[in-house]
Q: 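Structure incoming, see below.
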Amino acid sequence: MSTHINIITAVDVVAALSERTLYENIYLMDNSPFHSKGQGTASLATSCQPGQVIQWIVYALDLQTPVVIKKIVFLGASSDAENGAQSASECMGSDLDVWNGVVPVNMIPGALRHYRMELQMGVGQNSAMSVATPSLKRV
Amino acid sequence: MSQQHAIILMIDIQAAINAGTLTENTYLIDNMKSHGSVGNGTANLITAVNGAYWFDGSQAGEAVLNWLPYGIGALPPTLPRTFRVPKSTVANAEKINSLAEKLKTISETKESVSDKKPGDQKTNAVANIAEQLKRIMEGASGTCKIQDMRGKVKDVGLKVMDMTGKEVNSDNISEASYIMPIITSITGEAVDKGVMFPAQYGSPDLVTDGWYWSASVDTNKTGTFAYTMHIQIYALSANKTWVPKDMTYTSHINVTHAPKRNGFTGGAMQALPIS
Amino acid sequence: MKAIAIVSVVDIVEALAKETLSNNIYLMDNNKSNGSLGLGTDALKTMVKKGDKIIWTTLALECEAFASISDILIDKEYCEPKEQVYEGTDINYWVGTMKQDPKPGGVPYNLRFTLGNRVEKMSISSPSLIGRHS
């Protein structure tokens, strides 16, 4: 069994900045051995098991625009609580951050645990955008 | 994760040809302005190359540089490669039609003038038309040629066009748009010290005419390094031959690097923060 | 009579992210040897005189992104640029002829762009056309 799952996000940066939304301009895919649902959309539900390492990687579709993951925060059981460490880097987000972690053993099976992924494209007032629809699912 | 750096060179080709140098006639722009590049839009760009390394010191991710030379006074590089070809065919067809019209006029002129004034009018009319025919033929056969570095001249079979895409004749040749400049090689301190490894690559992206220069960077070698681009620009001679002129231009990269760390913890990898 | 090319290179990502073309566009022309100033900035002052033909083209820094000039607003007394398309393509350019020499202080103009998929246009009003005495 593979111990490593990659969640790849492809972003159409110019479209996202033009329309000021990531929804419809972002495509998430993973290589989970457990057949995740929502491949290629912003609502990818990655199937995983405790002990597996999950790594998030982001690419700009035009390949040369700098885009980084600024923050990934798991949304809490209560509707507005956001738990999880803030990115340790400065607020700009940096490609020095490696976004990976081990699926914890206390994850409830079958439930979708949504997370908000914030991306930084360029610098400026419109440059940080997020999607809150992807999730992890313990199988 | 790799970062592609695009470096655009905008060259005022006419001025460079007149002055014999690219200095003061070239402007550089890259896509890393917000990430530390200094001097965008000027002659002196220092491109920021921000690398990263893993805990064992090995390079994390690639930094790749891509150069795109363009000319002010050249047709936009976004035009399809075949732009000069179909238009030439259309222009030729127009010329042939024009020729046919003129021939028709000759025969009509002959008939109307007939025996009234055997000398002047008929001769003038025919001479006038002959003059126009001559101009048409000059235009139709005026495809441009290119001279290579060894002096050999080849016919390219394409028309010389102005900046609006219209054909240019010998009387308005000063309005001709230039061919895009080409980088022929990259050398200098950054290459000698093994900081950058340049090579020419084929590209499916026809904006760069199918070829471009690219280099990967060893981001463990930090510091500011100079590199020299060898650029070929083409001057149009009076007989519609593009003659190459070799010039060089020096720019810089500033390489930095920092350690990678986990985004969730700031340190090493741990369990995901899911409560 | 000269054909003067004004090229604008747009850093689309920066322009869209910062919501302004200011400092995110680089304007250049081929008339520096006759006195154009501000090349490589957003405040290009192109040296022109009566009768010169001016051609505006644009280029995106990210070569696959879309950028085109949607409008040029300039005092009609001096120039009336018209949009044209390169035959057989969907790439446009703007061309206009100087009706008279620019007044002292120059003739400013506003360049409006369509960038990426963005519905609203973005514009820059810092470039201008100048004459001998400016």
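Lettering follows sequence order; numbering is per chain, from 1. Side chains are part of it too, since the values below use all heavy atoms of this structure and drop only hydrogens, waters and symmetry mates.
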Q: For chain C, which candidate among Asn40(B), Thr42(B), Leu28(B) shows the most heavy-atom pairs at distances under 4.5 Å?
A: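 Ranked by contacts with chain C, first place is Asn40(B).
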Q: Can a side-chain donor-acceptor contact be found between Lys33(B) and Asn24(C) if the only test is distance below 3.5 angstrom?
A: yes
Q: Taking the side chain as everything from C-beta on, heavy atoms only, tell me whether Ile8(B) gets closer than 4.5 Å to Leu61(C).
A: yes
Q: Among Ile4(C), Ile55(C), Asp42(C), which has the most heavy-atom pairs under 4.5 Å with chain B?
A: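 Of the options given, most contacts go to Ile55(C).
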Q: Could you check if a side-chain atom of Met10(B) sits within less than 4.5 angstrom of a side-chain atom of Val7(C), using non-hydrogen atoms only?
A: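 Yes, at least one pair of side-chain atoms sits under 4.5 Å.
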Q: Which residue out of Pro76(B), Gly73(B), Ala19(B) racks up the most heavy-atom pairs below 4.5 Å with chain C?
A: Pro76(B)
Q: If the threshold is 4.0 Å, N to carboxylate O, is there a salt bridge linking Lys166(B) and Glu87(C)?
A: no
Q: Is it the case that atom CD in Glu120(C) sees more than 12 heavy atoms from other parts of the structure closer than 6.0 Å?
A: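 More than 12 within 6.0 Å, yes.
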Q: Within the 4.5 Å heavy-atom criterion, are Thr57(C) and Met163(B) side-chain neighbours or not?
A: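 Side-chain contact under 4.5 Å: yes.
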Q: Per the side-chain contact (heavy atoms from CB on, under 4.5 Å) rule, which among Ile29(B), Asp12(B), Ile11(B) passes with Met28(C)?
A: Ile29(B)
Q: Please report the interatomic distance CG(Leu27(C)) to OH(Tyr27(B)), rounded to the nearest 0.5 Å.
A: 11.5 Å
Q: Can you say whether Leu39(C) sits under 4.5 Å from chain B via the side chain, the backbone, both, or neither, judging by heavy atoms?
A: both
Q: So does Thr164(B) get a backbone contact from the side chain of Tyr86(C), meaning a donor-acceptor N/O pair under 3.5 Å?
A: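 Not confirmed, Tyr86(C) side chain does not pair with Thr164(B) backbone.
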Q: What's the shortest heavy-atom distance between Ile72(B) and Ala5(C), and which atoms?
A: CG2-O, 3.9 Å
Q: Flag the pair Ser33(C) / Asn18(B) as yes when at least one side-chain heavy-atom distance between them is below 4.5 Å, and no otherwise.
A: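 Ser33(C) vs Asn18(B): side chains apart.
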Q: I need the Leu79(B) CG to Tyr93(C) OH distance, nearest 0.5 Å.
A: 10.0 Å
Q: With a 4.5 angstrom heavy-atom cut-off, could you sort out which part of Asp162(B) is near chain C: side chain, backbone, both or neither?
A: side chain
Q: Could you tell me whether a side-chain N or O of Lys32(C) sits under 3.5 Å from a main-chain N or O of Ala15(B), the two making a donor and an acceptor?
A: no
Q: Taking atom NZ of Lys50(C) as the centre, does the number of heavy atoms from other residues, nucleotides or ligands within less than 6.0 Å exceed 12?
A: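 No, because the 6.0 Å sphere around NZ of Lys50(C) holds 12 heavy atoms or fewer from other groups.
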Q: What part of Asn23(C) gets closer than 4.5 Å to chain B, counting heavy atoms only: side chain, backbone, both or neither?
A: both
Q: With a 4.5 Å cut-off on side-chain heavy atoms, are Ser174(B) and Lys2(C) touching?
A: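 The answer is no, as the side chains (C-beta and beyond) never meet within the 4.5 Å cut-off.
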Q: Between Asp11(C), Asp90(C), Asn31(C), Asp29(C), which has the largest tally of heavy atom pairs under 4.5 Å with chain B?
A: Asp29(C)
Q: Check whether Gln84(C) gets within reach of chain B through its side chain, its backbone, both or neither, counting any heavy atom under 4.5 Å.
A: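 Neither part.
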